Every structure is written in structure tokens, then in C-alpha cells.
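Working notes, beginning with the structure itself.
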Amino acid sequence: MNKSISFCGVSFPNPTVLASGILGVTGDSLKNVARNGAGGVTSKSVWLTRHEGHPGPVMMGTEHFYINAVGLPDGGIEKAKEELGKYLEWKERVPLIGNIVAGKISDFENIAGQMEQIGPDIIEVNISCPNVEDQFGRPFACSCPDAGAVTKIVKKVVKKIPVIIKLSPNVSNIGEIAKACEANGADGLTIANTFGPGMIIDIDTAEPILANKVGGVSGPGIRPLAVKRVWDTATAVKIPIIGMGGVLTGRDVIEFMMAGASLVGIGSGVYYRGAEIFSKVNEEIDEWMKEQGVKELSEIIGKAVKK
Amino acid sequence: MNKSISFCGVSFPNPTVLASGILGVTGDSLKNVARNGAGGVTSKSVWLTRHEGHPGPVMMGTEHFYINAVGLPDGGIEKAKEELGKYLEWKERVPLIGNIVAGKISDFENIAGQMEQIGPDIIEVNISCPNVEDQFGRPFACSCPDAGAVTKIVKKVVKKIPVIIKLSPNVSNIGEIAKACEANGADGLTIANTFGPGMIIDIDTAEPILANKVGGVSGPGIRPLAVKRVWDTATAVKIPIIGMGGVLTGRDVIEFMMAGASLVGIGSGVYYRGAEIFSKVNEEIDEWMKEQGVKELSEIIGKAVKK
Amino acid sequence: MHDIPKVLKIAEVRTENPTVKTYVFKSGLGAKPGQFVNVWMPRVNEKPFSVAYCDDKEFWLTIAAVGPFSKKFHEEFKVGGKLGVRGPYGHGYTVLKDKHIALLAGGYGAAPMYYLAHEAVKNGCKVEFIVGARNKDLLLYTDRIEKMEGVKLHIATDDGSMGRKGYNTVILQELIAAGGIDMVMTCGPEIMMKGAMDICEKAGVPIEVSIERYMKCGSGVCGNCCVDGLGVPVCKKGPVMSGEMARKIDGLAKWHRDNVGMKVSW
Amino acid sequence: MHDIPKVLKIAEVRTENPTVKTYVFKSGLGAKPGQFVNVWMPRVNEKPFSVAYCDDKEFWLTIAAVGPFSKKFHEEFKVGGKLGVRGPYGHGYTVLKDKHIALLAGGYGAAPMYYLAHEAVKNGCKVEFIVGARNKDLLLYTDRIEKMEGVKLHIATDDGSMGRKGYNTVILQELIAAGGIDMVMTCGPEIMMKGAMDICEKAGVPIEVSIERYMKCGSGVCGNCCVDGLGVPVCKKGPVMSGEMARKIDGLAKWHRDNVGMKVSW
Ligand SMILES: Cc1cc2nc3c(=O)[nH]c(=O)nc-3n(C[C@H](O)[C@H](O)[C@H](O)COP(=O)(O)OP(=O)(O)OC[C@H]3O[C@@H](n4cnc5c(N)ncnc54)[C@H](O)[C@@H]3O)c2cc1C
Ligand SMILES: Cc1cc2nc3c(=O)[nH]c(=O)nc-3n(C[C@H](O)[C@H](O)[C@H](O)COP(=O)(O)OP(=O)(O)OC[C@H]3O[C@@H](n4cnc5c(N)ncnc54)[C@H](O)[C@@H]3O)c2cc1C
Ligand SMILES: Cc1cc2nc3c(=O)[nH]c(=O)nc-3n(C[C@H](O)[C@H](O)[C@H](O)COP(=O)(O)O)c2cc1C
Ligand SMILES: Cc1cc2nc3c(=O)[nH]c(=O)nc-3n(C[C@H](O)[C@H](O)[C@H](O)COP(=O)(O)O)c2cc1C
Ligand code: FES
Ligand code: FES
């Protein structure tokens, strides 16, 4: 049985990837996730310079959904150099996806170039955070020209490693947006960021609970919505996809792969099953492969779509 | 303590309303829901003539979400005359919302006129079903001109009873769509229909499980997304709102009301707690009102928004 | 709270008669007699079927080929075939202890009644099992029932090709008249069950019936299976219910409703 | 799986010293000593605080006014004030049975240590409670601790205004040297806890420490509280952990990280 997946030419020992913004604040925290069995890890979104997040509460979960408005806090690219550098020196490491973010399209050039120098295996471009709209307006991932323009500018500077674009699920034309990225040279896509935004209100105080009032929704309740976004993308483009949204079990990972994902991200799942979710999910995948007689996991990618 | 709500001039004994498409296939099934404590009931969407739904499976639930693609099966307006007529004759009845649907904008004129003759308290216009896209294209609720045009045509014929428009949550500009309806005379809005569509795949057969492949997502996992849609609508228009999406408890009903809903629909909740959900939720509202010293439930409408 | 279909493989197919087959699945289900499952044929449709037998290791479905779905099912599904099952749904029959009961079965109703007999006998009941059919070739499960200890088989056929000629309700009436029957359970055509209800009411014997309606969700949501009069979904408040409750159904044994909720005569 | 804040009313406010107040809530929490909650001030912020006492009917939080949140908290929250609480989160201290233990507290660390002492005594432990502060006015909880049966209070102040002059770790060292201490638990400034760890290691006495880092989610998701070296979130794998584990933290008592994950010296 072989669970390894080749994605944009990078070999991942298994299809599970730590989603951006969960745990990956420092080099050592990324190592910790890798030790727990992730096939790859993604850094928290890195800005060029220090960026304060929102005040608290910034995130919380119920059994059905997770909601967050962290507001992309980050120490900036200098911190990333130290932390990601530390991770990259580690011998037992799995592939690192360096996630970058910027407020203006033109700013992506600088941050992308600097991220490439740090040397992750892949650069992921976050153009889809729903929690900084007050500051930066609708995400670039909500418009074909914007998504295309960001892709183009990043691909212009990043020459040595693959570039993937992280899209928003909060559009009615994700296939079109995906095509715009593909046409501008994207090597892959991450489908998708959080849904909404959504809101939860405390009824005893009549106050929205998140300090930011609204937040992106993830977790098990939105999984069918995310699977459909991956399906829609897989039928629109040829470049490979990292699927994510509500993955809790090995069966969920396989569902995303059958819908067209090559790799599958896990974020909120860490809330539901701890950082140990990676090894648990991989065991569940093993069981299923054994039961169904699947030898080569990569063969199931897009299996439900192709039928 | 008073839980009654006046909505578009119609008095509802409590804020819970049976959502369209759940249980309300016959006159007697509507009575059964009213006996279970609903403050109002909505008919399944009525077509002018018989309309076959999709083959099965058409719906199913997990603890986190409900997904359906029934495909709006209906016997047509003649059946509605008999069934809704039977309900309307019943002395102990609560308000009836007659939900109508059509495939072309111009078809709404005829069905709306005939529904008005049946005599429900309110007409709800379903322009937002995500499960008949293959047949009819993107729902009218996804475009301001379309949503406005349907409203106008219905308001042209329906003179004696209020008309509310049921919108889709799958747009990025629900406030604008709501305004288009308001500008064309809508008396209220229902926020909202199901999310997505979404998809669930059986991994042992690599087949999407719903026969229609995709289906609208509802249930507790999407509640924060629905609350935000209600909030966005309440801040955009002055006409009253029926909020819905994932309501399971009395606290959920209050949350929707604080976000701006006057009445709150319950659909998938019937899956999670049975038809008895209406009386249970009302008891939970009573408890909360007692605990917090709220005498007049209507006073909490929009309380979180106004702050 | 989880009713996503579970995909199972058919372990065995038994031909019961020219139009009825029994499918065996090697998997526990935890169903009580009278409960049903929704059976999913990928890319075709999903339909409700009663559990014909069930223990820790296996369960059976007995399927009559009557229309597009069931005929396709018979044609396509061989041993090893994969299909989805969700459930069990609904209320089952009361399984009494140490009583004398009569079971009245018509058509594929013999299958769930067989399972009920099995459980009742385990519980110390004495069982009168009355099976009816148009003719001998359409009788179901009689070989199995005959072999059961504690169960007495009574047969009626319309044409008299086996057992008594005429309706099986006549046998029920005689057994009740003879005295000692504590309760009656029935599954089959609604007109037959209605007949049994009338007999039992007169005799003051309690009865449970199984009310089938066009079903979709199986879990009390879609409303397609709501019976008139009561207004409740029988997938949830039934299919098995007391004769008393069934009597409140408007149009009992007269009409049911189709896939869009239109009335159809039985 | 549910960590939405529960809104509670403040039942009582106790002034501990000029900058520290204890807030009492009449509600069970089910927290163990050493666990913490996230406290939400609507429209302001949310911050972690240790549980200072907890039983079936009430719990306490002891809050030092050190910055914008905690100062605003002191100003705005009177009896009847409404705020949100979620948790308890994290690992607490081991509550031993019938042992002789030493508790070493610095700053607001005296509050959770008080709760631990309370539980340990209930469990038959003999407790040496060592409290330290810069001066007498900043000592916390000493009145309460003094009254506890089975607990011996030891005080150290930097300026000698009460108890021994100097670090409280000196008292710990003496108690251990005297023999009979089975285990040490400590909560307070990291440099103090590090000192205690060194003492215990030399003496071969087990120790538990409470590692505080900048926290947001409290549930092992955001990663802001991950300690270097181990890489694990201390909101989940801590805050209380063994000295052995704490020793693997890079930068222990040297640096922590701020709200965006940048290193800051203690
Ligand atoms: C609770 C319950 C238990 C049942 N148990 C059995 C069983 O053990 N064995 C068996 O052979 N059959 C059983 N049936 C009936 C079975 O579901 C139908 O025979 C089958 O769905 C027919 O589908 P078709 O496409 O082959 O025929 P069609 O030509 O579509 O229909 C033939 C008949 O079946 C009815 N039917 C069709 N679809 C449904 C549906 N979704 N729900 C209910 N009735 C339907 C029709 O109203 C019609 O009377 C049961 C039905 C119910 C409601
Ligand atoms: C597990 C744990 C238990 C705690 N228990 C208590 C307690 O019982 N009593 C008490 O008074 N304080 C306790 N604290 C510390 C308390 O959270 C901070 O004092 C408070 O957040 C300060 O916020 P501020 O805005 O008032 O001050 P600021 O000026 O913002 O900060 C003052 C200090 O508090 C730290 N701090 C600020 N925000 C946080 C945060 N979100 N998480 C962790 N540290 C933070 C800063 O790093 C700085 O060292 C605890 C902290 C943790 C992690
Ligand atoms: C707490 C939290 C923080 C996140 N931060 C980021 C981020 O910094 N950058 C980013 O691209 N996505 C971020 N996301 C989105 C996730 O990477 C992921 O796309 C989304 O949560 C869906 O996956 P999940 O359901 O497995 O969590 C964040 C999500 C959560 C829950
Ligand atoms: C099984 C099912 C059938 C539905 N059918 C209709 C319908 O016929 N017409 C309509 O306007 N909405 C229909 N809806 C949408 C619901 O009325 C409601 O808007 C949505 O499910 C969100 O509410 P909930 O989470 O409480 O279910 C249907 C929903 C479900 C789950
Ligand atoms: S089958 Fe849907 S309510 Fe009974
Ligand atoms: S506070 Fe978020 S991981 Fe610890």
C-alpha cells in the first residue's frame, strides 16, 4: 500500500496537509505537527511586515462548526525567515508550504520573492481570507481579474518553486476563478478558505461573540459545501488541487480525493481530534485501503468526477 | 410573557414557523405540525401543474448537516386547493404561508393569482431553490433584476395578502437583492433557502450519494452562515424577515431574532428533534424569557443589530 | 443522528418464487421486526424495504419485482453486488412474551412476519402464522415457517391451489373464535389488514398493522408518507401501529398518495 | 465539543490588594486546580485566567490589573456585571493522596495554588505553602491559607516586610533539604519556577510547573501558545506539566512570544 502523493512535483508521504493558520506559528510548532503524522505542513499566512490580528475572542467551535476571525496576525517576513528556516533545517521534515498574504496586488511581488528565498517546497498565495474585509475589501479570490493578476505577479518573481493559489468558496463561479489562475500560470490550487463570513450571537448580552463580529466558518458542518467546490474546480481546470473544509476522518480525506483533490488539508479538525488527527486519519485511510484492496492511493484522485 | 409576533400584519402566536418543504405535503400534515406547536406553517412549494421531483436518495442527514435535492415535487395548484383549503377550514389553525414556485418569471403571475384565491395568510415566493438548476438555471434570487422582476409580477396580481420573497444565501450581495425586492413592493423576506449546493460522495462506490449528485445544505453546521445573512438583510431593508437555517433550539430562535428576524423557520430541525421540535423550542424560549425577565418577545427583534 | 447509506455486498440471493427474491447481507443491522431500511441503487433510485430477518451477523431483504426499481434490482444484483442501506427506520411490532399470537401475512408481508415469528418464539410465544396468496406459486416463506418450532402454519389461496380456498382473514376469524389468541399482528395489502382490524375490533383482540405509504426520507422530514386524518409521517410514527391508531387514518384501505403527494386508489 | 462562552454574573468582588481582585461566580465549572478559563469582556477582548477556586456551586477568578484588559476589567466589573466564560481548558496539577507536598507560589500564582492546596488537603495531604512577593502589600491569599488546616504557610518578601527576606525558592530548598517532601507544585514567574525545577532536580523530587504563554483559542488550534523546543501548545499539553517536560522548552524563563508570535524576553 502506497499513500504517497506527488503534487506539483513535490512528493508528500501521505495526502494530509496542515492547513494554514492552524498551529503553524513557529518552526517548532510545524515540527510538532509533522511528528504527529502530517504529510505536509503549511505556515500561517506571512505578511511582509508585522500585522496585528483582531482582539479576542478570535475563534471557537461547537460540535458542528468552527468559526474564526483571527485577522491574520503575523510577525512579518523576518520572523518567517527564522521560524521556517528552522523547520527547513530539520532532517525528518515533510514538505513545507509557505503561505503568503498581502493587502494590495502589487505587494505580492515583494513578499513572494522573499518567501521563495526562504526555500519552502511550494508557495501558497492566500487571496481569500474573509476576516480582513473591513481592512482590505472583498478578497481578490472573488474576482477573476484580481485572482489572475495576483497569480501573474507571483509567478513573475517565483521561478524555482511551484505556486498555488488559495481560493475562496464564497463565490458562485469558482470554476471561472480557478481558470483565471490557471491561465496566469498557477501550478495548483487550494480549495478552499473558510465560508461566509458567518456570525454567532450571544443572546444573554445580545452581542456578536467574535470581537470582529463576523468570522470564517469551517469544520464538519460545511464539508459537503467544500467537497462541491473541489468538484467544481476539478471539472474546470487541469492543475492539481489541495482540498479542504471540515475534514475529520480518513473517509473524509478519501471523499475529497475522489472529488478531485490530490492532497487534503486539515485545519479545524485539530480542534475536534487534537494534533493527533493526522496519525489517526492516516490509520483510517490505511484501513480503508486494506478493506477495499486499494494499493496506490493516488489512483483514487478524481475517481467520482471521472465516472 | 408574550411570544406573539405580528408579521406583515398577520399575528403569529409564537415566532416558530414550519419551513417550506418539510412535512407540509397535505392539509392534514400541516395540521399535525400546528398541533405540535408551530406558530405558523408553510406549504411545500406549489407549482402550477404537477412537477416530478428527483429520484432517490433525495435527502439525508448527519449530526452536522442535512442535505437535500428533492427537486420540488408537487401535485400542482389543484391539489393545493384541496389540501390547503382543508387546512384553512380548520378552526384551531395558525397562520398559513402559501409557498409558490415557477420556472419562468412570467409564470409567477398565474400561480400567484391562483394561490391568492386559495386564501393563505401570506404568499411566499420561492426563487431560490438550488436543486433545480439543471432544469431552470441559476435561481432568480441570484440576480437583482430577476428578483425584482418576480416581486413586481407577483405584487401586480396579489392585492389582498402580503407577499414575501424567499432569497438564496448563495450570493455575495444579499443586501442588494433584498433591496431590489423591497423596491418592487415585497412585504417581507425569507432568509434563506439552503446553502450550496453541496455534495456528499460514497467512497466505497465513488458515487455522489444524492441521485441529483448535488443538494442544498441546511442544518446546524450552517447556522452561523444563515445568521449572518439575516443580519446583512436586516441592515439593508426595512421590511420584516423570516430567518432560518440550522435552528435546533430556543436559543437558536432568539439568536436569529436578535440578528433581525421577526419569525424563525424550522426545517431540518424536524430531522434532529422530530415534529415535537416546535413545542420543545417554544418551551426553551419561555425558559429564557423567564430567566432574563423578557416580557414581550417582539422587543428582541434586531436587538444585536441596533446596538 | 447519521443516516448516510452504508454500502454492503450481497452475500447470497435466494429465489422465493418467480417474482420474489431474498437478498442476504452479512452485517448486523439491529432492526426489530416491522422496521424497514432504505435501499440505494447507485445512479438508479432508493426505495424502502422491510427487514425480513436480522441477527448479529446478517440480515435479509425480500424483494418483489413489481416496477422499474424492483425489476432492475432483480436483474442487476447478483452475489457480490454493492448497494447502500440506511436505517433501520420506524416502529416495529411489539414482541410479546409467553403469549399466544396470530400473524396474518399477505404478499411480501410474509417476510417481516417471519422475522416477527422468529423473535416471538424465542420469547416463549405460541404462534399461529396465517399466509395468504392468489395461488400456490405466489406463497412466500411457507417452507421456512413450516419448520419453525412453536409456529403453526395456516395457508389460504384465492384459487384453492394450496390450503384453504379464499381469504386468509377467514382463518384468522376462526382462530379468534376458537379463543385464546392474545394479539394479532398483520402485514400485507391494506384491504386485508383492514379486514383483520374489523375482526379484531369485534372480538376485542388487540392488533398491530403495518401502514405503507410512498416514502422518501424515512425519517419524518419530507412528509410524503403522511397519512390523512392523523397527519403524521408513517415512516416515523409507523409503519407499525395499533389498530386503534390506524382506524383514525382517513381513506384507510381506500387511497394512498404517490411521489408528489397526489391521492391514488389502492 | 462546545466552547462558546457562557455568560455569567459576578456575584461578589473581593479586593485582595491594591492591584488584585477576586471575582466570585455562583456557578459550577468542573475545573481542576491549574486549569484556566477564557474570560470574555464583550466589545473589549478575551483573556485567559486560572481558576482560583471551584466547587459544585461557585468558582473564583483572581485578576491582577497589569494592562489594558485587566485594568478595564477592574474598573468596569462590579457585582452583577455580565461576562462570558469558556473552559475549563488545559491540564491541571496532579492531586496526590496522603502525601507531603510543597507548593511554591509567586504573584497571582497564589490563587490557583490555593485551590490546589484545598483539594490536596481534602485528599489527606500535608501541605507546605510557600508564598513570595516583592513586599507585604503584594502578598496574596495569605489570610485564607493561614486558616487552612493541614497547611503550613511560609512567606518570603524581597524587602523582608513580611516573613523571610529574599526569594521564596530558598524556603523551598530548606524544606526539601529537611526531607520528607514527596512532590513540589509551583505557579508564578517563570524564573522562579525554573529555580524550583533546578532545586528539585538536584534533590530528586518531582515537580509540576505551570507554563503561561500568550493564548487565544485555549484549545490547541491557533498555535500562539506553542512553546519552542517541544513545539506543543501549552493551552492543551499544559499549562501544568512536569519539570521533566518543561526542561525541554527552549528559552524557558528566557523568552515567550507575543500576540503575533514574536519572541519577547521575560
Ligand atoms: C415501509 C415499507 C416496507 C416495504 N417493504 C417491502 C418489502 O419488504 N418487500 C417489497 O418487495 N416491497 C416492500 N415495500 C414496497 C417497495 O418499496 C415498493 O414495492 C418499491 O418501492 C416499488 O418500486 P418500483 O420502482 O419497483 O415500482 P413502482 O412501479 O414505482 O411502484 C409499485 C408500487 O410500489 C409503491 N412504491 C413505489 N415507490 C415507493 C416508495 N418510495 N415508497 C413506498 N412505496 C413505493 C407504489 O406506490 C406502487 O404501489 C415496502 C414499502 C414500504 C413503505
Ligand atoms: C494559563 C494562564 C493563566 C493565567 N491566569 C491568570 C490569573 O489567574 N490571574 C491573572 O491576573 N492573570 C492570569 N494570566 C495572565 C493574564 O492572561 C494576563 O495578565 C492578561 O491577559 C493581561 O492582559 P492585559 O491586557 O491586562 O495586559 P497586557 O499589557 O496586554 O499584557 C500584560 C502581560 O500579560 C500577558 N498577556 C496579555 N495577553 C495575554 C494572553 N491573551 N494570554 C496570555 N498572556 C497574555 C502579556 O504577554 C504580558 O506579559 C494567565 C495567563 C495564562 C496564559
Ligand atoms: C483558526 C483558523 C485560522 C486560519 N488562518 C488562516 C490563514 O492564516 N491563512 C489561510 O490561508 N487560511 C487560514 N484559515 C483557513 C484554513 O486554512 C482552511 O482553509 C479552512 O479552515 C477550512 O479547512 P478546515 O475545515 O479543515 O478548517 C484559518 C482557519 C482557521 C480555523
Ligand atoms: C427536505 C427539504 C425540502 C425543502 N423544500 C423546500 C421547498 O419546497 N421550498 C422552499 O422554498 N424551500 C425548501 N427547503 C428549504 C427550507 O425551507 C429552508 O429554507 C432551509 O432548509 C433552511 O432551514 P433549516 O436549516 O431549518 O432546514 C427545503 C429544505 C429541506 C431540508
Ligand atoms: S418518508 Fe419522509 S416523512 Fe416519511
Ligand atoms: S491558545 Fe491557541 S493553541 Fe493554545
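Here the structure is a predicted model, which is why all the values come from computation and not from measurement. We name chains A, B, ... by the order of the sequence lines, and we start the count at 1 in each one.
- Aromatic rings from D:Tyr114 and D:Trp60 are positioned such that their centres are separated by under 6.0 Å.
- Here the rule is side-chain hydrogen bond (donor to acceptor under 3.5 Å, both in side chains) with D:Thr62, and of D:Tyr23, D:Tyr108, D:Tyr53, D:Tyr141 only D:Tyr141 fits it.
- Only the side chain of A:Glu83 comes within contact range of chain D, with at least one heavy atom under 4.5 Å from a heavy atom of that chain.
- No side-chain donor-acceptor contact under 3.5 Å links A:Glu124 to the backbone of A:Ile164.
- In terms of heavy-atom pairs under 4.5 Å with chain A, the best-connected choice from D:Gly84, D:Gly218, D:Pro5 is D:Pro5.
- When atom types are taken as modelled, the side chain of A:Lys79 and the backbone of A:Val25 share a donor-acceptor pair closer than 3.5 angstrom.
- Interface remark: A:Lys86 contributes side-chain atoms only to the contact with chain D (heavy atom separation under 4.5 Å).
- Contact of D:Lys6 with chain A is not made at all, since no heavy-atom distance falls under 4.5 Å.
- Residues D:Phe59 and D:Tyr115 place their aromatic rings such that the two centres sit no closer than 6.0 Å.
- Only the backbone of D:Leu230 comes within contact range of chain A, with at least one heavy atom under 4.5 Å from a heavy atom of that chain.
- Only the side chain of A:Ile200 has a heavy atom closer than 4.5 Å to any heavy atom of chain D.
- Most heavy-atom pairs under 4.5 Å with chain D: of the set A:Val270, A:Val33, A:Thr26, this distinction falls to A:Thr26.
- Counting only heavy atoms from C-beta outward, the side chains of A:Asp74 and A:Leu72 never approach each other to under 4.5 Å.
- Taking all atoms of both residues into account, the shortest heavy-atom contact from A:His64 to A:Tyr272 is C-OH, 4.0 Å.
- Scanning all heavy atoms of the two residues, the minimum distance from A:Val101 to A:Ile111 falls at O-CG2, 4.2 Å.
- Annotation: maximal heavy-atom pairing with chain A below 4.5 Å, among D:Arg86, D:Lys216, D:Lys263, occurs at D:Arg86.
- Chosen from D:Asn38, D:Val44, D:Val227, D:Ile4, the residue pairing most often with chain A at heavy-atom distances under 4.5 Å is D:Ile4.
- Using a 4.5 Å cut-off between heavy atoms, A:Asp202 touches chain D through its side chain atoms alone.
- Residues D:Phe25 and D:Glu12 fail the side-chain proximity criterion, which asks for heavy atoms closer than 4.5 Å.
- Between chain A and the options D:Cys226, D:Cys222, D:Cys217, the largest number of non-hydrogen pairs under 4.5 Å is found for D:Cys222.
- If you measure heavy-atom distances from A:His51 to chain D, the contacts under 4.5 Å come from the backbone alone.
- Ranked by heavy-atom pairs shorter than 4.5 Å toward chain D, the options A:Gly76, A:Ser29, A:Gly53, A:Pro57 are led by A:Pro57.
- Atom CZ of A:Phe195 is separated from atom OG of A:Ser168 by 8.5 Å, given to the nearest 0.5 angstrom.
- For residues 236-259 of chain D, the interface with chain A (any heavy-atom pair closer than 4.5 Å) comprises D:Lys236, D:Lys237, D:Asp250, D:Arg257, D:Asp258, D:Asn259, sorted by residue number.
- At a threshold of 4.5 Å between non-hydrogen side-chain atoms, the residues D:Tyr89 and D:Val37 do not count as touching.
- Using a 4.5 Å cut-off on side-chain heavy atoms (C-beta onward), D:Leu140 and D:Val20 make contact.
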